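The block underneath contains the structure these notes are about, expressed in structure tokens.
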Amino acid sequence: MCLGVPGKIVEIYEQGGLKMGKVDFGGVLRETCLAYVPEAQVGDYAVIHVGFALNLLDEAEALETLALLKEIGEFESGLGLSGPEAADEISG
Amino acid sequence: MKYQDEYRDQSLVGEALEEIRRVVTRPWTLMEICGGQTHAIMRHGIDQLLPTEIELVHGPGCPVCVTPVELVDKALAIASQPDVIFTSYGDMLRVPGTGMDLFTVRARGGDVRVVYSPLDAVRIAQQNPQRQVVFFAIGFETTAPANIMSVLQAQALGLTNYSILVSHVRVPPALHAILGSAHNRVQGFLLAGHVCAVMGYHEYPPIAEQYQTPMTVTGFEPLDIVRGILQTVRMLEAGRVSVENAYTRVVTYEGNRAAQQTIQRVFTECDRKWRGIGVIPNSGWRLRPEFEAFDAEKKFDLQAIHPEESPLCIAGQILQGLKKPPDCAAFGVQCTPESPLGATMVSSEGACAAYYRYRRPGQDL
Ligand code: SF4
């Protein structure tokens with residue numbers, strides 16, 4: 001129940017005085033309340049929980065986490081070959 | 001999907017696990033607070049991939065599990081009234097109250113409806129002005145912003161037929177209860193990423209300091225979880241006590257200020273009873289007096305409630321990390337997801353449900 005799922009905001013509108021939006025979860029669109037992320041713009045990613053955006057996702061931080069973990073792998077293997085596709089994917 | 005799939009990358013998970021193996025020199029017991037993390041750990045078999053030195057115990061972060069049986073009974077009493085539409089998150093419908101659950105009420109003709117968002121419940125109230133619509137507002141800090149927005153929205157729309165049955169709990173007081181217990185075994189915590197998405201993590205450093213227990217804000221994908229474990233183990237091995245953030249793409253130190261301010265406006269702190277655990281001081285939220293008109297406990301006469309728990313259920317000890325589901329004699333025998341004795345066997349975040357669902361071949365029930 002506490003699950004929050006990342007989704008992409010594809011539309012923003014107002015309804016009943018609330019900032020609302022359509023969020024795309026890998027092809028499935030859902031109505032979402034954006035009242036707590038007033039700065040949200042179309043194209044942003046947010047974590048959605050019970051129909052509410054909790055926070056916007058920070059792309060720079062997301063990339064850094066992956067880079068950090070890749071570094072561990074490189075340090076470990078000494079080859080620097082691990083998981084390049086992961087980093088590519090997120091920048092796309 | 002973006003921000004999800006890449007955090008399931010097996011080779012990266014494997015490398016982080018390898019790093020944990022390299023760093024660890026002695027046994028450590030960590031607790032993941034959040035039931036969503038318990039399920040992810042079991043689902044991906046992370047508990048089995050960790051070096052044997054590291055034991056994970058499961059925390060109380062499952063709102064369905066900790067909602068006290070009294071409140072479930074109140075929900076059952078309200079939902080049984082003929083002029084009421086009772087709305088709830090789906091997880092609550094099979095949670096056993098005293099002698100029955102919300103599904104039983106529905107089978108007997110009660111109007112019980114599952115909603116995805118609390119705003120759906122407000123919409124139902126708008127469409128049914130002659131009936132009372134009640135929403136079962138359970139949750140931790142993660143769900144509070146959504147639940148209270150339904151009250152603010154009902155107020156803005158001038159609805160007098162909408163109310164919420166509040167069962168709101170907070171993580172920091174539960175940490176005090178766990179760490180302050182004479183039986184505590186937990187040496188490090190994985191903090192619940194989505195609780196911190198709302199609240200930030202500024203509440204935790206004083207607790208970490210007081211009990212000399214390191215903590216790491218942790219997300220929900222396999223990579224997030226192993227990273228949270230790695231950072232916590234590094235602190236433990238170095239004898240360092242701090243609160244670190246391993247979920248930086250979602251969580252900031254301050255959290256979501258707009259959400260926190262709205263929570264302050266609508267809720268005030270109160271003592272709460274946690275199912276199987278007992279009352280934890282200041283561990284909950286309730287509606288402020290100015291929102292009394294939306295408080296289902298004030299609206300309905302709920303005197304005749306005599307709650308009773310199954311005497312077999314040890315969920316309270318499981319939720320405090322003192323026992324694990326297979327330690328319960330009823331696990332998988334008298335208690336299954338089809339006929340649960342406790343809420344932890346029902347909830348999609350309950351530890352008993354996770355062990356039941358993801359039990360491995362050859363593993364005893
Ligand atoms: S297995 Fe069932 S009875 Fe035992 S602790 Fe879990 S929920 Fe309670």
Side-chain angles (χ1 to χ4, degrees), chain A residues 1-8 15-18 20 24-27 30-33 35-39 45-66 68-77 81-92, chain B residues 1-7 9 11-12 14-16 18-19 22 34-36 61-64 89-91 116-120 122 138-140 142-143 145-147 149 153 156-157 192-195 197-198 220 223-224 227 230 246-252 255-256 258-259 262 347-349:
Chain A
M1 207 210 94
C2 254
L3 279 192
V5 183
K8 185 180 186 173
Q15 191 179 288
L18 287 178
M20 302 290 290
D24 181 352
F25 300 99
R30 267 208 126 132
E31 177 159 84
T32 300
C33 181
Y36 296 113
V37 286
E39 71 279 25
Y45 281 78
V47 174
I48 314 298
H49 168 67
V50 299
F52 282 73
L54 297 183
N55 254 345
L56 297 182
L57 277 142
D58 187 318
E59 175 137 27
E61 292 288 354
L63 284 168
E64 196 182 307
T65 299
L66 289 173
L68 209 82
L69 287 156
K70 249 181 74 184
E71 223 169 79
I72 293 172
E74 281 162 15
F75 175 78
E76 269 307 297
S77 64
L81 290 174
S82 44
E85 53 309 313
D88 286 349
E89 196 176 313
I90 197 162
S91 58
Chain B
M1 192 167 56
K2 188 164 162 172
Y3 292 118
Q4 198 162 48
D5 296 343
E6 54 275 49
Y7 294 91
D9 182 292
S11 65
L12 284 183
E15 280 151 16
E18 199 47 53
E19 178 71 2
R22 205 182 61 79
C34 174
C62 160
V64 173
Y89 296 121
D91 274 20
Y116 161 70
S117 157
L119 292 181
D120 297 340
V122 176
I138 67 160
F140 276 85
T142 322
T143 317
N147 289 351
M149 188 56 82
Q153 193 60 7
L157 293 167
H194 291 150
V195 165
V198 173
F220 296 82
L223 199 48
D224 294 319
R227 183 180 166 202
L230 173 59
Y247 197 31
T248 46
R249 68 185 181 283
V250 174
V251 174
T252 59
N256 185 326
T262 313
S347 166
S348 57
E349 288 163 324

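From a predicted model like this one, the values you see are computed outputs, not experimental measurements. The sequence lines fix the lettering, A, B, ..., with proteins before strands; numbering per chain opens at 1.
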Open item on the list: Checking the side chain of B:Gln153 only, and the main-chain atoms of A:Gly16 only, is there a donor and an acceptor separated by less than 3.5 Å?
Closed with: yes
TODO: Measure the CZ-CG distance between A:Phe52 and B:Leu119 for me, rounded to the nearest 0.5 Å.
DONE: 4.0 Å
Task: Interface moiety of B:Thr252 toward chain A, non-hydrogen atoms closer than 4.5 Å - done: neither
TODO: Decide whether a cation-pi geometry holds between B:Arg249 and A:Tyr45; the criteria are a distance under 6.0 Å from NZ or CZ to the six-membered ring centre and an angle within 45° of the ring axis.
DONE: no
TODO: Output the option from A:Val37, A:Asn55, A:Thr32 having the highest count of non-hydrogen pairs under 4.5 Å with chain B.
DONE: A:Asn55
Open item on the list: Ignoring hydrogens, what is the shortest heavy-atom contact between A:Ala35 and B:Met149? Give both atom names and the distance.
Closed with: CB-CE, 3.6 Å
Open item on the list: Testing the basics here: between B:Ser117 and A:Gly51, what is the closest heavy-atom pair and its distance to 0.1 Å?
Closed with: CB-CA, 4.1 Å
Open item on the list: Treating B:Asn256 as the side-chain partner and A:Tyr36 as the backbone partner, does any N or O pair qualify as donor plus acceptor under 3.5 Å?
Closed with: yes
Task: Which portion of B:Ala259 sits near chain A, non-hydrogen atoms under 4.5 angstrom - done: both
TODO: Heavy-atom pairs under 4.5 Å with chain A are the metric here; pick the option from B:Val251, B:Val250, B:Val198, B:Leu157 that has the most.
DONE: B:Val250
Open item on the list: Counting C-beta onward and ignoring hydrogens, is there a side-chain heavy-atom pair between B:Thr248 and A:Asp58 closer than 4.5 Å?
Closed with: no
Open item on the list: Quick check on A:Leu18 against chain B: is it the side chain, the backbone, both or neither that has a heavy atom closer than 4.5 Å?
Closed with: side chain
Task: A:Val50 and B:Tyr116: CA distance, side-chain angles, deciding distance, side chain to side chain contact (heavy atoms under 4.5 Å, CB included) verdict - done: CA-CA 6 Å; A:Val50 299; B:Tyr116 161 70; 5.8 Å; no
